[in-house]
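Quick note on labels: first sequence line is chain A, next is B, and so on, each numbered from 1. When reading the values below, keep in mind they use all heavy atoms of this one structure, side chains included, and skip hydrogens, waters and symmetry mates.
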Amino acid sequence: MANLNNQLEKNYDPLKIEAKWYKFWEEKKCFAADPEAEGEPFSMVIPPPNVTGVLHMGHALNNLLQDILARYQRQQGRNVLWMPGTDHAGIATQNVVEKQLAAEGLGRHDVGREKFIEKVWQWREESGGTIINQLKRLGSSCDWSRERFTMDEGLSKAVREVFVSLYEKGLIYQGDYIINWCPRCHTALSDLEVEFEEHNDGKLWDLEYPLADGSGSIIVSTTRPETMLGDTAVAVNGSDERYREMIGKEVLLPLMNRKIPIVADDYVDSEFGSGAVKITPAHDANDFEVGLRHKLEIIKVMDEAGLMNDNAGVYAGLTREACREQVIKDLAELDLLPAIKDYQHNVGHCYRCQTIIEPYLSNQWFVKIKPLAERALAAVKEGDTKIIPQNWEKTYFNWMENIRDWCVSRQIWWGHRIPAWYCEDCGKMIVAREDPDACPECSGTNLRQETDVLDTWFSSGLWPFSTMGWPESTATLKKYYPTSVLVTGFDILFFWVARMMMMGLECMDEVPFKDVYIHALVRDEHGQKMSKSKGNVIDPLIIIDKYGADALRFTLAAFAAQGRDVSLSEARISGYRNFVNKLWNAARFTLMNIEDFDPETQIAGRELSLSERWIRHRLNRTTAEVVAALDEYRFNDAAQALYQFTWHEFCDWYLELTKPDLFQSEDLIRKTTAQTVLYQTLEQVLRLLHPIMPFVCEEIWQTLPHTAAMPESIMQTAFPAADVEVEDFPAAADMDQVMAVITAVRNIRGEMNLSPGQRLEAVVTGPDAVAIAALQKSTAAIINIARLTSLTIDSAAQRPPQSAAGLAAGFEIFVPLKGLVDFAQESARLAKELKKTEKEFSGVNNKLSNEKFLAKAPPQIIEKEQGKHQELSLKLEKLKTSIKTLEQVTGS
RNA sequence: AGGCGCAUAGCUCAGGGGGAGAGCGCUACCUUGACACGGUAGAAGUCGGCAGUUCAAAUCUGCCUGUGCCUACCA
C-alpha cells in the first residue's frame, strides 16, 4: 500500500475505471440473486426495453432509480433480485426488419411468414443486445444471468397458458367489431395504441342528400367524405321537430344512387351542425352501434391497405385520400356540396408509424376486461399496491373505471401466435395449450392455425411472474413474488402497469408489486420534450463518455424530485462531474495523509477535537437523512443531503480544520486520532454515496487501506445507519459559533478587498462569558482558517483603534486595519449592515407590539421572537457605536 | 369536454403557516502544503395576479391569468 497518493491522478478519469469495476462486479457475482440464500427479499422487474431500442435519457433515469434501490437494499442486507430482459415489441421490431427488406426491394410477403420470422430472430441475435450493453455502461446491477426475452420459450408458454385459461373462463372472445386499423402496418391496434393529434387544417364538409321521393333534401356534415360511399342510413334525433316528418322516409345516396333510410336515434345531437348524421356502420364506431340498433346494412368501401374496394363503385382502387378529393369534386359538380368549413379536430395516428388510423370493421380477438379491471381497481383502493406519488392513483382509477374491452389480436407476423385452430372439415374452432393433431369434433386432420399474433402488451403484462418461471412453481417465484416495487414512467401506466395488475391478480391471485413508483419525464433544459426533430436530444452514452456514468447518475438523481419532470442540460451534468472530482480529491488528500496509518485504529477512548465531534455528528445526521429519503423514494433529497455534506461540510470545513493535526509530528496520539476520524468519515461517505455513484466510490474505497472485516467490494458493505451515540448537539452549537466568527473575519477581508495572503489581527469579545470560554478553545483553529497573526478572545477586550467591526452569533469581531484600508469603505459597509439590521429589527418589533400575536401565537414562537429582538437591538447598538468610532477616527 | 400539474434570483429548480434557499451564471479578490472540474466574499427575488382564512400566508382556500401534460373524442 505504499505510495497510495500516486495511484490517484489529479483529475478523476472515469472511462477506464468504470469498465474495470463493472467487470469486477460481474465476475464476483455481486448482482446475482439466490432464492435459497438468506435475507428478506427485495425484488424488482425491469421495464423491458424494446429490442429495437437505443438507450435514451428516459431509460437512463428509469434504470438509475432502480439501480440506486437495488444497490441500497443489498447494502441493507436484503436478498435482492433485479430481473432484466427485453420486449419483442411486435410492430416496432417487425417494422425494422421490413425496412431492411424494403432496402432490397422486397416485402414481407415476398419472403413468407416463416422466413420472415427467421430474419427477425437473426436481426435480434445481431443487434438485440445493444440496449443491454448500454444499460451496463450506466452501471445497472441487474442479475444478467436471468435475462429474459418476451419471445423466449418459457415466456411463450406462459402466454399460451394465460390465453387458453382466459378463453376457458369466457374472458376471451372473437367477433366483428370496429377497431383501429393501421393501413400501413396492416393490423388492428388497441385503443391505447392510437395517438390523437390536433389537425388545424381540417375541413367539415356539408353534403346534401336528396330525399328519394323528391320532396326535398337533408344536409349532413362529415370530416371524412369518402366514407359516404358506404353510408347505409341518415340519423336524426327523434325529438328534433325539424326532421320529424322525414323519419322513415328514404334519401337517395348521391354518387352511389342507393336508397337509404332516415332513422331516429338518441346518439344524434340536434345542436351540432344540421342535426342530421350520415351513418357508415363499417367505418365508424358510433355508426356501427347505430347500425346494430337499426339493423342497417354494413358496407365496407375500403380494404386493409386503405384503398377503395369494389363496393366503392367507380372509385374502386383509389387511395382514401384520392377518393376524398374525387368525391368532393363530383358532389360539387352535382351541386350537392352546400358548404365547406374550416374545422379543427383530432385525428388518430398509429403510435408506431404515425399513419392515420382508419376505424375499420373486422374480425378480432378481445379480452373481456371488466372482471379483470375490477380486481385491479380494488387492489389499489385497498392499498395492496401503493402508487407513488399518490396523485397517480386517481388517473389509474379513472382509466380502470372506464376501460373498454382489449383488442389483443394483431395482423402481423412477429409475436405470439394465437393458439386457435380452425377445422377445415367441420368448421370447429379449437383453442388449446398443445398444438392439436386432429379435430376433437370430427377427428379431421385438416386444421388451420389462426394467423393473428397477440398484442405485445399481452406478454409484457405477464412479465413479473413469467420471468420467474410461471406457470411452473419455482423457488424464484416463491421467494420474490410479489415484487417490492415497480419503477416506471407514467407514459406506460395504462399500457403496462394496469395490464400487469390485472394479469398478476388473475394468474397469481396476488398483486405483482407492493409499490409502483412513477417517475418523471426527462426533458431538455427549457422543459421541452427531447426529440430528434428539435435537435435537443442529450444522448446518455455520449454524456457517459464525456463526463462519466457517476456524473450522469448523480445529476439525474439530484433532479428526480417526485412528480416533477427533469429538465436536463449538459452544464448541469458538468457541475456534478465537478462534484465527483471534488470527492476524488478529498480522497487523494486523505490517502496522502494516512500513509503511516493502521486502519484498525479505533475511536473509542480517544479525545476528539471540536471539529471531529462536529463532523461525526453531521455525518450521522446526514446518514439518517439519506436513509429516510431512500426509504421513501426521495432520491433528490438523498443526493442533495450527500452533496451538501460532502462538499460544504466535509471538504470546506472539516478537511481544513484537521490539517494542522495531520501535518504535525509531535503529538502522535492527536495525529492518529485525526487520521482515524478522517479515514472513517471518508469510508462512510463512500458507502453512503455508493448507490448513486458506484464507480468512483468503488475505486476510492478499493484504494483505501482495508481492515480485516472489509468485504471484497463496496457493494457488499453495510449501508451506514444513524447512531444516537454519535449525536453531539453541543459540538454542533459550538462549531456554528466558530464558523460564524471565521465567516465574519472573512467578510471583513472580502469587503475591504484585503488579499487572502494578508495576515490580520483580530479581537473577539461578547457579553456571554460561557460562549467566550467555549470559543477560546478554538483559538488556534480560527487563527489558522481565518489566516490571522494573532487572536484575542476576551469578554473584557476593548475595541482596538482603527478597526473594522463585525457581528456574528452574539460576538463582536474587531479587525485592526491600521491604515491598511480606506475607512470610507468600512463606513459604507457598516451603513449597509445597519440598514439591513434596522429593517429586520422593525419587523420583529411589529410582531412583538401586536397584542393579538402575543395572545395567540405559541409560546416558543414568541420566545424566539423575543430572543431575536434582544439580539438585534444589541447588534444595532454595536453597529451605531462602530460607526461613531469610525467617524471620530476619520474626523468626518 | 373532463382530469392532473406547474408559475420562487438571469437560467434550472428545491422548499411548503412563524427569520426567502440551492446549483449554474454574474462581480471582486486569490495558484493558501487535495481539488482553478478549486477557494473566499458579494450582488441579485413585493415566491404569477386578486380576494379570503389566520395573531402570522411564498406556504392553506377560492377566483383569474399564463403554461405543460393525461384521458375521451363530438358527425
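At the heavy-atom level, Val220(A) lies nowhere under 4.0 Å from the strands shown. Backbone-only engagement by Asn286(A) is indicated by non-hydrogen atom pairs under 4.0 Å involving sugar-phosphate atoms exclusively. Nucleic acid contact class of Asn11(A) (heavy atoms, under 4.0 Å, all strands): base. Note on Thr743(A): only backbone sugar-phosphate atoms sit closer than 4.0 angstrom, heavy atoms only; bases stay farther off. Counting non-hydrogen atoms under 4.0 angstrom, Phe196(A) reaches a base of the nucleic acid. Using a 4.0 Å heavy-atom cutoff across all strands shown, Tyr343(A) reaches sugar-phosphate atoms only and no base atom. Thr590(A) comes within 4.0 angstrom of no nucleic acid atom, judged by non-hydrogen atoms across all strands. Residue contacts for Phe663(A): at a heavy-atom cut-off of 4.0 Å it reaches a base atom on one of the strands shown. Nucleic acid contact for Leu493(A): none, since no nucleic acid atom lies under 4.0 Å from a heavy atom of the residue. Here Arg224(A) lies out of heavy-atom contact (under 4.0 Å) with every strand. Within the nucleic acid shown, Asn346(A) comes within 4.0 Å of at least one base atom, counting heavy atoms only. Asp287(A) comes within contact range of no nucleotide atom at all, as no heavy-atom separation falls under 4.0 Å.
With sequence neighbours excluded, the residues satisfying salt bridge (charged side-chain N to carboxylate O under 4.0 Å, His left out) with Glu865(A) are Lys847(A), Lys868(A).
With C37(B), U71(B), A34(B) as the candidates, the nucleotide lying closest to the side chain of Trp399(A) is U71(B). Side chain of Ser755(A), nearest nucleotide from U71(B), C30(B), C37(B): C30(B). Minimum atom distance to the side chain of Phe559(A) is reached by U12(B), of the listed U12(B), U40(B), C70(B). Taking only side-chain atoms of Arg746(A), from C-beta outward, the nucleotide of C74(B), G42(B), U40(B) with the closest atom is U40(B).
G48(B) and C55(B) have their C1' atoms separated by 27 Å, given to the nearest Å. Across U53(B) and U61(B), the matching P atoms stand 16 Å from one another, rounded to whole Å. On the C1' atoms, A72(B) is 22 Å away from U67(B), given to the nearest whole Å. Across C60(B) and U32(B), the matching P atoms stand 50 Å from one another, rounded to whole Å. If you take atom C1' in A58(B) and the same atom in G21(B), they sit 12 Å apart, rounded to whole Å. Taking atom P in both G52(B) and A9(B), one finds a spacing of 26 Å when rounded to whole Å. With both ends at atom P, the span from C63(B) to A44(B) equals 37 Å, rounded to whole Å. Rounded to a whole angstrom, the distance from the C1' atom of C47(B) to that of A41(B) is 26 Å.
Both Lys852(A) and Tyr12(A) sit near RNA chain B, but only Tyr12(A) has its closest nucleotide nearer the 5' end.
Ring-plane geometry between Tyr576(A) and Tyr643(A) is classed as perpendicular, the angle between the planes exceeding 60 degrees on a 0 to 90 degree scale with a lower cut at 30. Using cut-offs of 30° and 60° for the angle between ring planes, the Phe495(A) and Tyr351(A) rings count as parallel. The aromatic rings of Trp584(A) and Tyr12(A) sit tilted, their planes meeting at an angle between 30° and 60°.
With no hydrogens or angles considered, a side-chain donor-acceptor pair links Glu193(A) and Ser190(A) at under 3.5 Å.
Helical stems in RNA chain B, defined as runs of 3 or more consecutive Watson-Crick or G-U wobble pairs with donor-acceptor distances under 3.5 Å: B:1-7 with B:65-71, B:10-13 with B:21-24, B:26-30 with B:38-42, B:48-52 with B:60-64.
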Contact letters for nucleotides 17-28 of chain B, in which S counts primed atoms plus P, OP1 and OP2 and B counts the base, heavy atoms under 4.0 Å: -BB---S----S
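Computed from coordinates, the Asn585(A) CG to G39(B) P distance equals 10 Å when rounded to whole Å. Atom-to-atom, CD of Glu595(A) to C1' of A34(B) comes out at 13 Å; the value is rounded to the nearest Å. Straight-line distance from the CD1 atom of Ile785(A) to the C1' atom of G33(B): 13 Å, rounded to whole Å. What separates CZ of Arg787(A) from P of U32(B) is a distance of 9 Å, to the nearest Å. Whole-Å rounding puts the Trp584(A) CH2 to A36(B) P distance at 14 Å. Between Arg749(A) atom CZ and U32(B) atom C1' the separation is 10 Å, expressed in whole Å. Rounded to whole Å, atom C1' of C13(B) lies 17 Å from atom CZ of Arg634(A). Spacing between atom CD of Glu393(A) and atom P of C4(B) amounts to 14 Å, rounded to whole angstrom units.
The side-chain heavy atoms of Phe853(A) and Asn846(A), taken from C-beta on, include no pair separated by under 4.5 Å. Tyr547(A) has its side chain out of reach of Thr555(A): every pair of non-hydrogen atoms, C-beta onward, lies at least 4.5 Å apart. Counting only heavy atoms from C-beta outward, the side chains of Ile218(A) and Val236(A) approach each other to under 4.5 Å.
Of the charged side-chain nitrogens involved, at least one lies within less than 4.0 Å of a carboxylate oxygen, so that Lys546(A) and Glu570(A) count as a salt-bridged pair. Contact check on Lys671(A) versus Asp661(A) returns no salt bridge, with no Lys/Arg side-chain nitrogen under 4.0 Å from an Asp/Glu carboxylate oxygen.
Side-chain to base pairing of Lys582(A) with C35(B): one donor and one acceptor N or O lie within less than 3.5 Å of each other.
At the phosphate of C4(B), OP1 or OP2 sits under 4.0 Å from a side-chain N or O atom of Lys394(A). Taking side-chain N and O atoms only, Arg404(A) has a distance below 4.0 Å to OP1 or OP2 of C73(B).
Applying side-chain hydrogen bond (donor to acceptor under 3.5 Å, both in side chains) to Lys278(A) and the options Thr232(A), Asp231(A), Asp284(A), Asp287(A) leaves one that passes, Asp231(A).
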Before giving the answer on ring-ring contact (aromatic ring centres under 6.0 Å, His included), spell out for Phe196(A) and His349(A) the whole-Å C-alpha distance, their side-chain angles and the decisive distance to 0.1 Å. CA-CA 6 Å; Phe196(A) 283 90; His349(A) 295 254; 8.6 Å; no
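Figure legend: Arg324(A) and Trp205(A) shown without cation-pi pairing, the cationic atom not lying both under 6.0 angstrom from the six-membered ring centre and within 45 degrees of its axis.
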